[in-house]
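Let me begin by presenting the structure, written as structure tokens, before commenting on it.
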Amino acid sequence: MLIFTLRRLNLFFFTMLVLTLLTFSLSFFFPGEQIVNLTGQIDATPEQVALIALDYNKHESIIWQYWSYLLHIFNGDLGISMTSKIPIMEEVLSHLPATIELTTVALLIAMITGIPIGFLAAVRHRKKTDNIILTVSMIGYSIPIFWLALLAILVFSIQLAWLPSAGQISLIYEIKQITGILFIDILLSDNPYKWQAFQNASIHILLPACVVALAPATVFVRLARSSMLAVLESHYIKAAMAKGLTTQQIIFRHAIKNAMVNVIRDVGLQFANLVTLAMVTEVIFNWPGIGNWLIQSIYQRDFTAIQGGLLALSSFIFIVHIFTDLIYAALNPIARGIKYGS
């Protein structure tokens, strides 16, 4: 396990190196002065620009410039936003928790609905139930996320008026930001109406989370189905059948636990898909996450925010991947082999 962890950390180090090289190179490709794109100091005087250029080793070789850029990242300095004048790190820490909250709820919805349905399809293999589940999951995976989001707003917010169409919570509730995760902040607050606020936040997140969760849920259906089919074909399951165990005993005591190991392996991959879907959904539902902020930065040609936002978001996704891999390796000793950890 130690060797596996070291290999993943080694992979993390080189991936982060490539990511920083990519964001550093973007400052050369954006229009305007490279040092201004890197720091966001668009109103700096020529004297201030000269000092900044000296700080970033602008007159040295490209390798020293890149090293100076890395040192600023290690110190938490990603520059300032060209539009809001707020440090990029503060913007990221302000918006990233809302995206984590939305994607976590969507991931739970996708797993709770998709995995049991996939297991059911495997148990009913090549029967009418299996065919219906596969057909519906294929249709669900094919629906464009923006069309689904607009359709959900039209039906559940406008026509039925069951759920709000935008925002994270109603404006009547004033919740002080502590962790950035709204549900945790509500519970930590001393607001006398915090339980009403909690219910209001739950209603607000339900519609965008369900929209984000649809495509990953269909993927979980197919993953769970394939994993369960492989387990049901294994020799120890056939031995259990030969001993006279009932189908329910075989499924709940032996099959589900082993099938879940293979499903957990792909949770990290689906998290990257969730973040991508959340970026589009945040714009449509006006969700104050990092995806919405990053897309607004692209509209406003805020080059510093684009570089810092891409670096922060990519790093977060990769950390989740590594964390998922470590959980999978802890559950499955076979995964700790050389070829899996390399």
Side-chain angles (χ1 to χ4, degrees), residues 16-58 62 65-66 68-103 145-146 149 166-168 177 180 182 208 212 272 274-319:
M16 291 305 301
L17 199 63
V18 173
L19 277 175
T20 52
L21 274 171
L22 175 65
T23 53
F24 178 69
S25 62
L26 284 177
S27 64
F28 292 93
F29 295 122
F30 288 141
E33 183 67 28
Q34 183 263 338
I35 198 67
V36 174
N37 294 335
L38 207 59
T39 61
Q41 301 281 358
I42 55 176
D43 297 327
T45 61
E47 292 78 11
Q48 290 172 328
V49 172
L51 290 174
I52 296 170
L54 187 64
D55 188 32
Y56 277 83
N57 286 323
K58 178 66 178 173
I62 193 71
Q65 293 181 39
Y66 173 66
S68 301
Y69 174 67
L70 285 181
L71 290 178
H72 280 82
I73 291 177
F74 289 146
N75 292 324
D77 179 16
L78 297 175
I80 62 171
S81 170
M82 291 180 172
T83 54
S84 65
K85 306 300 180 187
I86 297 174
I88 299 299
M89 185 58 74
E90 288 186 20
E91 293 271 23
V92 170
L93 294 177
S94 173
H95 292 92
L96 186 59
T99 300
I100 294 175
E101 189 174 34
L102 177 62
T103 51
I145 184 73
F146 63 92
Q168 200 175 14
Q177 186 173 6
L182 183 60
V212 175
L274 277 167
V275 172
T276 306
L277 296 172
M279 290 180 68
V280 179
T281 308
E282 285 176 1
V283 175
I284 296 175
F285 286 93
N286 194 25
W287 190 264
I290 194 170
N292 191 6
W293 171 73
L294 198 54
I295 290 177
Q296 295 300 327
S297 300
I298 294 172
Y299 285 142
Q300 297 166 353
R301 299 169 67 85
D302 191 339
F303 304 131
T304 316
I306 294 171
Q307 295 170 87
L310 285 175
L311 181 62
L313 199 57
S314 304
S315 305
F316 172 68
I317 292 173
F318 196 67
I319 289 172

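When a residue number appears, it is its place in the shown sequence, counting from 1. Every value quoted in this text rests on a predicted model; they were computed, and no experiment measured them.
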Query raised in the report: How are the rings of His72 and Tyr56 set relative to one another: parallel (under 30°), tilted (30 to 60°) or perpendicular (over 60°)?
Result: parallel

Requested in this report: Find out whether Leu310 and Ile306 are in side-chain contact, i.e. whether some heavy atom of one side chain is under 4.5 Å from a heavy atom of the other.
Outcome: yes

Query raised in the report: Could you state the interatomic distance from CH2 (Trp293) to OG (Ser81), rounded to the nearest 0.5 Å?
Result: 7.0 Å

Query raised in the report: To the nearest 0.5 Å, how far apart are CG in Asp302 and CE in Met82?
Result: 6.5 Å

Requested in this report: Go through Ile284 and Phe146 one step at a time and tell me if the side chain to side chain contact (heavy atoms under 4.5 Å, CB included) criterion holds.
Outcome: CA-CA 8 Å; Ile284 296 175; Phe146 63 92; 3.9 Å; yes

Query - Gap separating the CD atom of Glu33 from the OG1 atom of Thr39, nearest 0.5 angstrom - result: 9.5 Å

Query - Shortest non-hydrogen contact between Ala98 and Gly289, atoms and distance - result: CB-CA, 3.9 Å

Requested in this report: Ignoring hydrogens and angles, tell me if any N or O in the side chain of Glu101 forms a donor-acceptor pair with the backbone of Leu182 under 3.5 Å.
Outcome: yes

Query raised in the report: Around Phe28, counting heavy atoms of other residues, nucleotides and ligands shown, do more than 12 lie under 6.0 Å from its CZ?
Result: yes

Requested in this report: Please name the pair of heavy atoms, one in Gly76 and one in Met89, separated by the smallest distance, quoted to 0.1 Å.
Outcome: O-CB, 3.6 Å

Report task. Report yes if the side chains of Ile73 and Leu311 come closer than 4.5 Å at any heavy-atom pair, otherwise no. Result -> yes

Query raised in the report: Which pair of non-hydrogen atoms, one from Leu26 and one from Gln307, has the smallest distance, and what is that distance?
Result: CB-CG, 4.1 Å

Report task. Check Gln65 against Asn57 and note the closest heavy-atom contact, atom names and distance. Result -> CG-O, 3.0 Å

Requested in this report: Give a yes or no on whether the backbone of Thr23 and the side-chain of Ser27 come within a donor-acceptor separation of less than 3.5 Å.
Outcome: no

Query raised in the report: Is there a side-chain contact between Ile100 and Phe316, using heavy atoms and a 4.5 Å cut-off?
Result: yes

Query raised in the report: CD1/Ile35 to CG/Leu51 distance, rounded to the nearest 0.5 angstrom?
Result: 11.5 Å

Requested in this report: To the nearest 0.5 angstrom, please state how far the CG atom of Leu93 sits from the CD1 atom of Ile88.
Outcome: 11.5 Å

**Report entry** Any side-chain heavy-atom pair of His95 and Asn292 under 4.5 Å
**Finding:** no

Report task. Write down the atom of Gln177, the atom of Ser94, and the distance for their closest heavy-atom approach. Result -> NE2-O, 3.7 Å

**Report entry** Within-4.5 Å side-chain heavy-atom neighbours: Phe24 and Gln34
**Finding:** yes

Query raised in the report: Considering only heavy atoms from C-beta outward, does the side chain of Gln41 approach that of Ile80 to under 4.5 Å?
Result: yes

Query raised in the report: If we only count heavy atoms from C-beta on, is the Leu38 to Phe30 side-chain gap below 4.5 Å?
Result: no

Query raised in the report: Checking Thr103 side chain against Val275 main chain: does a donor-acceptor pair fall under 3.5 Å?
Result: no

Query raised in the report: When rounded to the nearest 0.5 angstrom, what is the spacing between CE in Met279 and CG in Leu274?
Result: 13.5 Å

Query raised in the report: Between Tyr69 and Tyr66, how do the two ring planes meet: parallel, tilted or perpendicular, split at 30° and 60°?
Result: tilted

**Report entry** Donor-acceptor contact present, side-chain Glu90 to main-chain Pro87, <3.5 Å
**Finding:** no

Report summary line: Nearest heavy-atom approach of Ala305 to Ser297 is CB-OG, 3.5 Å

Report task. Measure the shortest side-chain to side-chain distance between Thr83 and Gln296 over non-hydrogen atoms and say whether it is less than 4.5 angstrom. Result -> no

Query raised in the report: For the side chain of Trp287 and the backbone of Thr281, is there at least one donor-acceptor N/O pair under 3.5 Å apart?
Result: no

